[in-house]
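What follows is a single structure, written as structure tokens, with notes after it.
All heavy atoms count here, side chains included; hydrogens, waters and symmetry mates do not.
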Amino acid sequence: MRIGVVTFPGSLDDRDAQRAVRLAGADPVALWHGDHDLHGVDAIVLPGGFSYGDYLRAGAIASRSPIMTDVIDAANRGVPVLGICNGFQMLTEAHLLPGGLIRNAVGTFVCRDQRLRVENASTAWTGGFEAGQEITIPLKNGEGGYIADADTLERLEGEGRVAFRYLGANPNGSLNDIAGVTNERGNVVGLMPHPEHATEPGFGPDTPDAMRSGIDGLAFFTSVLSTFAAA
Amino acid sequence: MSAAANLPARPAADTVTNALATPEKEQPYAALGLTAGEYERIREILGRRPTSGELAMYSVMWSEHCSYKSSKKYLRQFGQKVSPAMTKNLMVGMGENAGVVDVGEGWAVTFKVESHNHPSYIEPFQGAATGVGGIVRDIISMGARPVAVMDQLRFGDIDHPDTARVVHGVTSGISFYGNCLGLPNIGGETYFDAVYQGNPLVNALSVGVLRHEDLHLANARGVGNKVVLFGARTGGDGIGGASILASDTFSEGGPTKRPAVQVGDPFAEKVLIECCLELFAGKLVEGIQDLGAAGISCATSELASNGDGGMFIELERVLLRDPSLTAEEILMSESQERMMAVVTPDKLEGFLAVTAKWDVETSVLGEVTDTGRLVINWHGEEIVNVEPRTVAVDGPVYDRPVAYPAWLDALQADGAGALPRPTDAGELREQFLALLGSANLADASWITDQYDRYVLGNTALSFPDDAGMIRVDEESGLGFAIATDANGRYCQLDPYEGARLALAEAFRNVAATGATPVAVSDCLNFGSPENPEVMWQFSRAVEGLSDGCLELEIPVTGGNVSFYNQTGDQPIHPTPVVAMLGVISDVALRIPSGWQDEGNNIYLLGTTAEELDGSAWAGVVHGHLGGRPPAVDLGSEQALAALIRAGSGQSIIASAHDLSDGGLAQALAESVLRFGVGARVWLDELMDRDGVDAATALFSESTGRMIVSVPREDDVKFVGLCAGRGFPVLRIGVTDGGATTPGTSSADVPDAALEIQGLFTLSLRELRSTHRSTLPARFAADAAVAHAIDGIPA
């Protein structure tokens with residue numbers, strides 16, 4: 001399986017997302033923001049970073065990049081798309097996912113190992129989890145406060161489209177402790193925390209077993225692999 | 001009357017012809033920071049008065065910040081005190097943008113620490129942000145991919161009303177810039193002391209990695225090669241920053257220096273990094289230099305000096321953000337995110353294609369010549385014609401007066417021996433907690449949690465471990481460790497020993513991770529060199545550091561001197577920050593700093609003497625600074641490092657943590673707090689063996705010590721290892737489980753705790769809240785307090 005990772009000017013975690021894809025057993029394909037070419041990939045990751053320096057609004061300029069029209073078409077065809085952090089911000093700016101992300105309530109950038117609950121284990125990127133499963137992956141952002149109007153929130157909750165929820169202290173003031181959401185079809189998922197940074201033992205979050213041994217993020221990528229294998 | 005009125009005339013540029021025609025024209029050399037003698041010297045060199053553009057160039061390049069005119073005499077020792085072992089793996093030594101060290105397997109590491117102190121006091125956010133940006137460009141200039149940053153921050157008294165302003169500004173500036181660049185921040189220092197109130201220290205370190213063949217140097221060779229400026233446009237920010245800001249003291253009532261602070265755009269720098277790496281990969285660059293202090297003046301004169309000696313530039317080709325800038329302002333501007341490259345004509349097209357791909361604006365300014373002169377034209381008229389070495393290399397060198405401080409003998413005579421010691425277990429416990437929650441020993445994660453430590457996916461260790469560690473090669477696991485240290489209090493007591501103590505501590509911190517220390521970079525922060533007592537401190541510190549490096553056979557690969565760190569005539573404590581780079585063959589062998597498993601034995605390596613002078617204990621409990629700093633035995637540090645390395649090679653050391661500020665007490669607390677595993681510790685044997693009381697055992701800052709934990713099954717091997725090497729070792733405790741997540745304790749599983757047998761017990765919860773609340777209580781918004789102490793039930 002080939003999974004594309006788009007690099008925008010200011011993308012930072014693009015190579016990390018490629019590494020995670022490789023660790024999961026798929027082939028990473030580097031995609032360029034200025035192209036109209038998805039190289040026939042089977043799934044797409046929009047990685048973290050500060051595309052265009054977060055100028056205007058985080059993800060706003062990148063969401064109008066040439067490649068995004070192709071990403072939007074692909075998403076509408078059912079191709080799995082995962083937006084991580086800045087990628088999540090792009091997905092909301094591109095209206096592939098509802099709501100928006102604002103500055104953390106604490107006012108500062110926050111980097112921490114974050115406990116999450118997987119609320120929806122039937123999306124393309126979460127099939128490898130159990131619903132209700134608790135995982136820990138890194139969170140690192142300055143504008144991660146999830147907001148949406150009351151109707152949207154109610155719909156998301158009602159339709160089970162809240163994919164992940166923060167556990168413990170809410171790190172950024174997200175409404176309903178929402179860490180990530182999915183579209184109706186379940187092929188597009190966006191979240192603020194970084195699964196790609198919890199895929200390789202020795203370089204992930206601490207666990208009770210050993211320092212930096214957490215690999216809870218790997219299942220995001222293996223999930224999409226099995227979705228593909230099953231299709 | 002504003003200072004601007006004294007600046008060179010505008011808008012018409014002062015040409016060389018004009019300078020010859022008007023030899024007696026009065027020039028504002030003093031306002032630009034030059035002395036009458038220096039101005040005379042420039043006239044001698046040129047055989048005429050300088051043009052205003054030349055004056056601008058000489059003034060910035062001959063400033064203390066760029067020329068090292070007061071420190072050069074002493075810095076030579078780093079080049080003189082070398083053994084063959086020290087140069088064996090050194091690919092590039094002092095004098096380039098950053099030193100480069102061969103770390104094996106075809107890889108090299110380049111690193112450097114630099115100051116951005118003065119801008120950070122005036123405008124903490126931009127000052128700190130551009131400090132990160134500047135040091136990262138130094139690393140790119142070597143042909144390396146930057147892979148990590150660290151920062152060494154020293155603020156005023158934690159409770160002073162102005163401190164929060166500086167802390168917020170500096171921290172958010174580093175967070176803003178470093179995070180947006182995508183470089184993990186893997187450690188550093190946070191320190192509070194009233195001596196830094198009017199002059200905080202903001203030092204920034206960056207590390208890069210490169211393949212041996214990718215090494216680039218800042219030189220302009222090859223007549224006819226093109227000189228290209230690329231990156232951000234040139235604006236009016238930071239003009240005169242180098243000469244006027246970094247070489248002046250903040251004094252009451254002086255002119256405002258605000259406009260001289262540079263403004264950073266990390267997005268532009270991130271794009272510039274990727275663009276440069278693609279240029280390097282395509283072999284499209286002959287020589288490269290970043291633009292930092294002194295901007296185009298520095299880049300052109302240094303590139304020309306290090307190359308064939310000649311260069312011709314058409315200054316009007318510089319792309320401007322503000323078209324009203326004069327030629328002199330363009331020469332002096334310190335606008336950020338700019339680089340200058342030397343490119344062969346046949347590769348220019350390829351070069352421009354890469355910069356276009358990254359939307360990086362580029363302009364060909366001129367070319368390398370064989371005239372031996374740096375000639376700069378402005379709209380067809382010659383405004384600069386100098387021998388580049390006279391600007392960049394052969395600046396003035398001063399032998400400043402040196403005087404033994406009048407107050408030092410009295411300070412050294414006032415030791416901590418006379419201070420009252422705790423008399424019972426209750427008082428010991430109180431002092432233990434007072435230290436743990438004190439400004440300089442408290443958890444700094446309110447600051448470090450604002451930095452991304454994960455990006456790039458190679459971070460093997462970061463704050464709060466003893467050193468940061470990064471994997472260099474994803475196949476072999478080859479990596480480097482890096483730690484920085486400085487103790488201004490010790491340096492105030494004895495700058496020679498203080499510098500060696502900083503070196504010893506950085507060495508020990510790197511060794512504690514299992515890495516082998518191999519190279520040093522330093523950032524020497526001092527008061528005014530015009531104060532003979534400060535100059536004495538500086539000379540002693542450099543001597544101590546260079547002697548120490550020679551003894552350890554570890555080279556100093558580069559660094560930075562920052563003078564004029566004082567408010568009024570009150571200098572800061574001498575603060576030589578030492579950054580130690582270590583190499584580890586496989587980061588999987590790294591040693592954690594805290595306890596992870598229960599039932600492991602805890603050993604104290606090294607011996608404890610009554611060394612409380614200048615200690616955190618004396619400072620926190622008694623508000624005292626006096627006496628003599630702890631003795632340093634670098635041979636013993638080497639033996640300790642070798643022991644840890646051997647133990648790590650046999651995988652028998654579960655954790656190692658260095659003892660320094662706060663002594664054994666602090667090291668024990670941090671070892672518990674790292675993973676929430678408790679311990680039972682006894683001090684009797686230690687007190688008997690070393691002839692010290694409990695307070696000394698807990699709070700002394702004797703050097704050459706670490707605590708390590710060892711799984712029971714490896715005990716015999718470990719003790720044998722120490723005995724075989726004759727290194728002093730004592731079992732002082734055992735790790736103990738308990739509930740590691742606060743709030744989950746029960747009758748069966750109580751909270752993990754640190755028990756000092758026969759004296760006192762501290763629960764994990766109490767340790768954690770004491771350690772973690774100090775910074776948030778002063779600096780955080782309410783919500784952030786909850787975060788910082790997340791998991792601690794109220």
Side-chain angles (χ1 to χ4, degrees), chain A residues 7 9-20 22-23 32 34 47-55 85 104-115 137-142 168-173 194 196-213, chain B residues 168 171-172 175-176 179-185 265-268 270-271 274 357-359 445-462 465 471 474 477 587-588 590 592-594 596-597 655 674-676 740-741 780-791:
Chain A
T7 297
S11 288
L12 304 178
D13 304 276
D14 44 345
R15 292 188 298 156
D16 303 329
Q18 291 176 21
R19 185 192 295 112
R22 206 159 41 237
L23 288 166
W32 183 245
F50 288 77
S51 59
Y52 293 97
D54 272 2
Y55 297 140
C85 195
N104 294 344
V106 288
T108 59
F109 189 95
V110 172
C111 177
R112 65 197 306 238
D113 296 346
Q114 180 64 48
R115 283 196 303 136
I137 61 179
L139 173 79
K140 50 186 189 88
N141 63 65
N170 183 327
N172 45 29
H194 287 258
E196 80 281 18
H197 285 296
T199 54
E200 186 179 15
F203 302 92
D206 290 337
T207 73
D209 293 332
M211 179 173 68
R212 295 176 191 269
S213 60
Chain B
H168 278 126
T171 305
S172 52
S175 169
F176 159 76
N179 292 340
C180 192
L181 279 189
L183 297 178
N185 192 313
D265 176 356
F267 169 63
K270 166 64 182 172
V271 172
E274 298 302 331
K357 172 185 167 189
W358 289 99
D359 291 324
S445 57
W446 180 79
I447 289 177
T448 55
D449 282 355
Q450 297 182 42
Y451 307 147
D452 184 349
R453 59 181 178 270
Y454 277 105
V455 68
L456 300 182
N458 288 312
T459 306
L461 291 174
S462 64
D465 294 312
R471 175 175 60 176
E474 296 196 20
V587 297
R590 71 202 188 283
S593 66
Q596 296 181 93
D597 302 300
S655 75
R674 180 68 180 88
F675 300 107
T740 56
T741 309
D782 284 353
V785 178
H787 252 240
I789 50 176
D790 186 18

Side chains of [X] and [Y]: does their closest heavy-atom pair fall under 4.5 Å?
X: B:Pro266; Y: A:Phe50; value: no
X: B:Asp265; Y: A:Tyr55; value: yes
X: B:Val455; Y: A:Lys140; value: yes
X: B:Asp465; Y: A:Met211; value: yes
X: A:Cys111; Y: B:Gln450; value: no
X: B:Ser462; Y: A:Arg212; value: yes
X: B:Gln596; Y: A:Asp206; value: no

Side chain, backbone, both or neither of [X] within contact of chain A (heavy atoms, under 4.5 Å):
X: B:Leu181; answer: backbone
X: B:Ser172; answer: neither
X: B:Glu474; answer: side chain
X: B:Ala588; answer: neither
X: B:Phe176; answer: neither

Please round to the nearest 0.5 Å and tell me the distance separating atom [atom1] of [X] and atom [atom2] of [Y].
X: B:Asn458; Y: A:Asp16; atom1: CG; atom2: CG; result: 7.5 Å
X: A:Asn141; Y: B:Asp452; atom1: CG; atom2: CG; result: 10.0 Å
X: B:Asp449; Y: A:Phe109; atom1: CG; atom2: CZ; result: 10.5 Å

Could you tell me which of A:Gly107, A:Gly53, A:Gly49, A:Gly173 has the largest number of non-hydrogen atom pairs under 4.5 Å with chain B?
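Winner by heavy-atom pair count: A:Gly53.
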Heavy-atom pairs under 4.5 Å with chain B: which of A:Asp113, A:Asp54, A:Asn104 has the most?
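The residue among A:Asp113, A:Asp54, A:Asn104 with the greatest pair count is A:Asp113.
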What part of [X] is in contact with chain B, defined as an atom under 4.5 angstrom from a non-hydrogen atom: side chain, backbone, both or neither?
X: A:Ala20; value: neither
X: A:Thr199; value: neither
X: A:Glu196; value: neither
X: A:Pro201; value: neither

How close do A:Arg112 and B:Arg453 get, counting heavy atoms only, and between which atoms?
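That would be CA-NH2, 4.0 Å.
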Can you tell me how the ring of B:Tyr454 sits relative to the ring of A:His197, calling it parallel under 30°, perpendicular over 60° and tilted otherwise?
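Tilted.
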Look at the rings of A:Trp32 and B:Trp358 and say which category their plane angle falls in: under 30° parallel, 30 to 60° tilted, over 60° perpendicular.
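Judged by the thresholds at 30° and 60°, the geometry between A:Trp32 and B:Trp358 is perpendicular.
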What option among B:Ala460, B:Gly182, B:Ser175, B:Ala268 has the most heavy-atom pairs under 4.5 Å with chain A?
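The candidate making the most pairs under 4.5 Å is B:Ala460.
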Return the option, out of B:Thr171, B:Asn179, B:Val271, with the maximum number of heavy-atom pairs under 4.5 Å with chain A.
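Option with the top pair count is B:Asn179.
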Whether A:Arg15 side chain and B:Gly457 backbone form a donor-acceptor pair below 3.5 Å:
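Absent.
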